[in-house]
Asker: 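What follows is a structure written as structure tokens; I'll ask about it next.
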Amino acid sequence: MNYEKAKELLEKNGQSQLLKYYDELEQKQKEALLKQIGEIDFQLIDYMKDTETHMGKGIITPLDDAVSVDDIEKNKTKYTAIGTEAIRQGKVAALLLAGGMGTRLGSDKPKGMYNIGETKDVFIFEMLVRNLMDVVNQTGAWIPLYIMTSERNHADTVNFFQEKNYFGYDPDYVDFFVQEMAPAVSFDGKIYLEDKGRIATSPNGNGGWFISFVNSGLCKKAKEKGVEYINIFAVDNVCQRMADPCFVGAMLDGGYCCASKVVAKANPEEKVGVLCLEDGKPSIVEYYELTEEMRYETRDDGELAYKYGVILNYLFKIEDLEKNLENHLSVHVVKKKIEYLDDDGNIVKPETENGYKFETLVLDMIHMMDNCLAYEVVREREFAPIKNKEGVDSVDTAKELLKKNGVQL
């Protein structure tokens, strides 16, 4: 995009302030700013006009489609055989959501680079690759691995994998791509600058993975390889199993559009999102969206009606994701403290919320599907999230679970 086209576009959308310092920039900075302007989705700004409309929930009811740990054990041989065959045919890929930074862990590097080792180096990325290698060894087939980074951590992530020789994974089966960004705006809808040559942006939420995957060209590449199913998972759960043959087989055997690994809630008050039905379609309801009555509601067998907590490990059929691409995901408008450049060209670090960021969420992708299988896993074996440095869901609790599962740190 050239300057004249950018100027015309911004004037049309009432955002001319983004070119205020253009003449002060060096040539490379000018080119980078014009590129950013050309990538702005101005329709996002419309969502801030009615935030409640895009955040509401329908009628919530308990989920019916679930396979418990006991069910899985009974059908393990059948499910594993079905999943193994699909993997050997190259139909299954894994996609790691790795755009986060290790800020809450006291690190200024990508979260996956955090070292959880005690007597030797053991990195979060390394543990995830090890878990995927278990499937490679089990099935005898390499699984395409796509890693979604952010603008902020892309170079560090790619360099780290190269330096570590991909932790033994075949690099021919690994591709990286950058998550798309959304502009940050003031309460009156003006897009912020974070410096004179750069628009203030943030990642477009974990639901933005598929559009970013498509626009990077990697979805087309995956399909050309024969990939039909893709297992997405988050960077912070070091015990999780991805492209798990039994998980894949259970979904295929039941003919489901998608599947979610879940754990039984530790208690009614555990603050986790729960797989359920919303207006008769699969959905995820957050802890704070459940009434006290719903949290304590039980089934005839005494189990919690809203029992299954999600762990951000989902298996989708690419064909269904493509069909739903035309039906835009709900955009969540979130109030945030946004660092910005003021009218005098000074950086301002606000102490209170001063604008909106726009996010799409995986939970909305689930709700667009006709059905979703809840696949229960044993918490102690597959759920060791690292959210904090200490306390609940921390480095320490994850290390403890890894040791219980025989991992030497």
Side-chain angles (χ1 to χ4, degrees), residues 1-3 5-49 51 98-111 113-114 148-159 178-206 208 212 331-360 388-389:
M1 175 168 287
N2 62 34
Y3 175 81
K5 286 185 178 179
K7 183 179 178 183
E8 181 182 348
L9 180 64
L10 293 178
E11 287 176 351
K12 177 183 175 182
N13 288 280
Q15 302 289 347
S16 297
Q17 75 283 356
L18 298 181
L19 289 174
K20 181 176 180 177
Y21 302 101
Y22 184 81
D23 292 336
E24 300 178 26
L25 304 176
E26 296 177 1
Q27 186 58 33
K28 285 188 177 180
Q29 292 175 309
K30 288 180 178 180
E31 291 171 1
L33 179 59
L34 293 177
K35 182 175 184 292
Q36 267 198 304
I37 291 170
E39 294 171 348
I40 295 173
D41 181 358
F42 291 100
Q43 289 183 330
L44 285 175
I45 314 300
D46 293 335
Y47 283 95
M48 61 174 282
K49 297 173 184 176
T51 58
M101 303 296 287
T103 309
R104 291 170 70 177
L105 306 180
S107 168
D108 61 355
K109 292 294 185 181
K111 193 169 189 177
M113 288 175 60
Y114 192 82
M148 186 175 77
T149 63
S150 63
E151 286 184 352
R152 188 176 176 187
N153 77 3
H154 181 76
D156 279 341
T157 300
V158 174
N159 291 338
V178 180
Q179 181 174 11
E180 296 190 349
M181 307 292 281
V185 305
S186 64
F187 287 138
D188 60 359
K190 295 295 184 182
I191 298 174
Y192 282 122
L193 285 171
E194 67 179 33
D195 62 40
K196 293 182 179 181
R198 184 167 177 79
I199 296 168
T201 60
S202 61
N204 61 359
N206 59 27
S212 301
V331 175
H332 297 257
V333 184
V334 187
K335 288 184 179 181
K336 293 283 187 177
K337 290 188 287 187
I338 302 164
E339 191 172 305
Y340 69 100
L341 203 67
D342 68 12
D343 291 337
D344 297 320
N346 300 312
I347 298 290
V348 178
K349 297 182 179 181
E351 296 182 2
T352 58
E353 295 164 339
N354 64 320
Y356 297 112
K357 292 185 177 181
F358 304 94
E359 298 178 349
T360 56
N388 311 297
K389 192 163 187 178

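On a predicted model such as this, the values are computed, not experimentally measured, just so you know.
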Asker: To the nearest 0.5 Å, what is the distance between CG on Leu341 and CG on Leu18?
Answerer: 11.0 Å

Asker: State, yes or no, whether a side-chain contact exists between Asn153 and Met101 at a heavy-atom distance under 4.5 Å.
Answerer: yes

Asker: Between Glu39 and Lys35, is the closest basic N to carboxylate O distance under 4.0 Å?
Answerer: yes

Asker: Quick one about Tyr340 and Asn354 (side-chain donor to acceptor, distance below 3.5 Å, no hydrogens or angles considered), yes or no?
Answerer: no

Asker: Can you name the side chain to side chain donor-acceptor pair (under 3.5 Å) partners of Lys5, sequence neighbours left out?
Answerer: none

Asker: NZ of Lys109 to CG of Asp156: how many Å apart, nearest 0.5 Å?
Answerer: 4.0 Å

Asker: Should we say atom NZ of Lys20 is surrounded by more than 12 heavy atoms from elsewhere, each under 6.0 Å from it?
Answerer: yes

Asker: Quick one: which of Lys30, Lys196, Gln29 gives a side-chain contact (heavy atoms from CB on, under 4.5 Å) with Glu24?
Answerer: Lys196

Asker: Any side-chain heavy-atom pair from Lys12 and Glu8 closer than 4.5 angstrom?
Answerer: no

Asker: Looking at residues at least two apart in the chain, or sitting in another chain, which of them share a side chain to side chain donor-acceptor pair (under 3.5 Å) with Asn206?
Answerer: none

Asker: Rounded to the nearest 0.5 Å, what's the gap from CG on Asn13 to CD on Gln43? Could you check?
Answerer: 10.0 Å

Asker: Can you tell if the side chain of Leu19 reaches within under 4.5 Å of the side chain of Leu33, non-hydrogen atoms only?
Answerer: yes

Asker: Got a sec: does the CG of Asp343 have more than 12 other heavy atoms crowding it under 6.0 Å?
Answerer: no

Asker: Are there over 12 heavy-atom neighbours, none belonging to Arg198, within less than 6.0 Å of that residue's CZ?
Answerer: yes

Asker: Would a 4.5 Å heavy-atom cut-off, applied to side chains only, mark Pro110 and Thr149 as touching?
Answerer: no

Asker: Taking salt bridge (Lys or Arg N to Asp or Glu O under 4.0 Å) as the test, write out the residues that go with Lys335, two or more places apart.
Answerer: none

